[in-house]
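Let me begin by presenting the structure, written as C-alpha cells, before commenting on it.
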There are 2 protein chains.
Amino acid sequence: MDIKQSPVSATDEFKRRIFFALSEPGRYKIVRMLYRVGHEMGCSELNRHVEIDKSTMSYHLRTLREIGLVTTRTQGREKFVQLNVDRINAVLPGLLASL
Amino acid sequence: MDIKQSPVSATDEFKRRIFFALSEPGRYKIVRMLYRVGHEMGCSELNRHVEIDKSTMSYHLRTLREIGLVTTRTQGREKFVQLNVDRINAVLPGLLASL
DNA sequence: TTTATAGTTGGGAATGTTTCAAACAATTGA
DNA sequence: TCAATTGTTTGAAACATTCCCAACTATAAA
C-alpha cells in the first residue's frame, strides 16, 4: 500500500485529464449537455445552448478533443462533436451519469 | 434540455471542485491513498508515502480541506487527515472506487 | 529551559489557464 | 464572383496554480 509503488499509470493519467477537463465550468456544461442529449451536436448548436464566445468554445473543444473526451466529425462547414461515452465509462464507470 | 436552464448548482459546484482537486497528481495520490487505506492518516505518515515537500503537502491538504474532501483532526502535535468518503459518494457515487 | 518534531504561513518565481479580438481558411448560397 | 456562415488560430492580457525557501507557531521530550 505504498503510493511510491503505485505510480500514476497511463490510465491514471487519463483519469486526471478527465478531471481537469471537468473542472472548468464551460467544459463541464458541454460534456453534460452532450451526455444528456445522447447524440452528437454541431458546434453552432452547442454555441446556441452554452453562452461562450466562439473562439473560447473552440479552445475548450480542442482541449476536450486532445484529452480524448470527444471526437469531431466534419460535414460541409459544420463540425459535429460526439462524446466518447464508452471510453470514459471504461475508466470511470458511472461518472457521466452522475454529472 | 437547455443548458442555460440547468445552471451549475451548488452540487455541481462541489463536483467541479472535486474534479479540480483530483486533477493534480499529488492530490490525486493523497486521495487515493486515503481511500485505499480506509482510515485516517497522520500528515507525517502521508509524507512518508508521498514524496512531496512538507509545505507543498500542507498546501495540498489545505486545498482538499477547503473543498471538503478531507477533514482534519489534531492530536498533540500531529494532525490526522480523514477522507470524507460519504460526502463524496453522495454526489459522485463510485468515483473513489474507480481511482 | 532548551531542543526536536509536526505542521502552517508568507512571499515570490515559474508556470499554466482562460478569455477575447482580430485575422484566417473553408464551405455554401446568391 | 461576392457575401455569409462555421469554425480555427494567434497573440496578448488577466488571472490562477504550483512549488519551494524561510520564518513561524505549537506541542512534546530532554
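Sequence lines set the chain letters: A, B, ... in the order given, protein chains first and strands last, and positions in each chain run from 1.
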Identify the pairs formed between an N or O of the protein and an N or O of nucleotides 20-24 of chain C at a distance under 3.5 Å, and give each distance.
unit_1: C:dC20; atom_1: OP2; unit_2: A:T56; atom_2: OG1; d: 3.4
unit_1: C:dA21; atom_1: N6; unit_2: A:S55; atom_2: OG; d: 3.4

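- A heavy atom closer than 4.0 Å to some atom of DNA chain C occurs in A:G76, A:R77, these being the qualifying members of residues 63-84 of chain A.
- In this structure, the side chains of A:V81 and A:M41 stay at 4.5 Å or more apart for every pair of heavy atoms.
- Under the side chain to side chain contact (heavy atoms under 4.5 Å, CB included) criterion, A:S58 pairs with no residue at all, not counting sequence neighbours.
- One interatomic measurement links the two molecules: NZ of B:K29 to C1' of D:dT18, which rounds to 15 Å at whole-angstrom precision.
- Nearest heavy atoms, A:I52 versus A:G26: CD1-CA, 3.9 Å.
- Partners of A:E78 by salt bridge (Lys or Arg N to Asp or Glu O under 4.0 Å), not counting sequence neighbours: none found.
- Under the salt bridge (charged side-chain N to carboxylate O under 4.0 Å, His left out) criterion, the residue pairs touching residues 55-64 of chain A are A:R62-A:E66, with sequence neighbours excluded.
- The nucleotide whose nearest atom lies closest to any side-chain atom of B:S44 is, among C:dA6, D:dC19, C:dT9, C:dA6.
- An OP1 or OP2 oxygen of C:dT18 is reached within less than 4.0 angstrom by a side-chain nitrogen or oxygen of A:R27.
- Residues passing the side chain to side chain donor-acceptor pair (under 3.5 Å) test with A:S55 are A:D53, sequence neighbours excluded.
- A:R16 has its CZ atom 16 Å from the P atom of D:dT17, to the nearest Å.
- At whole-Å resolution of the value, CE in B:M41 and P in C:dA6 are 14 Å apart.
- Note that B:R27 lies in the cation-pi zone of B:F20, set by a 6.0 Å cut-off to the ring centre and a 45° limit from the axis.
- Judged as a side chain to side chain donor-acceptor pair (under 3.5 Å), and not counting sequence neighbours, the contacts of A:N84 are A:T71.
- Using a 4.0 Å cut-off between a side-chain N of Lys or Arg and a carboxylate O of Asp or Glu, B:R32 and A:D12 qualify as a salt bridge.
- In this structure, B:E45 places its CD atom 18 Å from P of C:dT5, rounding to the nearest Å.
- Remark: A:R73 pairs with A:E40 by the side chain to side chain donor-acceptor pair (under 3.5 Å) rule, at least two apart or across chains.
- Not one side-chain nitrogen or oxygen of B:R62 sits closer than 4.0 Å to the OP1 or OP2 atom of C:dG7.
- The side chain of B:E24 approaches D:dT18 more closely than any other nucleotide in the set D:dT18, D:dT9, D:dG7.
- The residue B:S58 sits close to a base: some heavy atom pair falls under 4.0 Å.
- OP1 or OP2 of D:dC19 lies within a sub-4.0 Å distance of a side-chain N or O belonging to B:H60.
- Secondary structure note: stems in DNA chain D built from 3 or more consecutive Watson-Crick or G-U wobble pairs under 3.5 Å occupy C:1-30 with D:1-30.
- The CG atom of A:L61 sits 15 Å away from the C1' atom of C:dT19 (whole-angstrom rounding).
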Side-chain donor-acceptor pairs under 3.5 Å in residues 86-99 of chain A, sequence neighbours left out?
unit_1: A:S98; atom_1: OG; unit_2: A:G94; atom_2: O; d: 3.2
unit_1: A:S98; atom_1: OG; unit_2: A:L95; atom_2: O; d: 2.9

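- In this entry the distance linking CG of B:N47 with P of C:dA6 reads 10 Å, nearest Å.
- Applying the side chain to side chain donor-acceptor pair (under 3.5 Å) rule to B:E13 yields the partners B:R16; only residues at least two apart in sequence or on another chain are considered.
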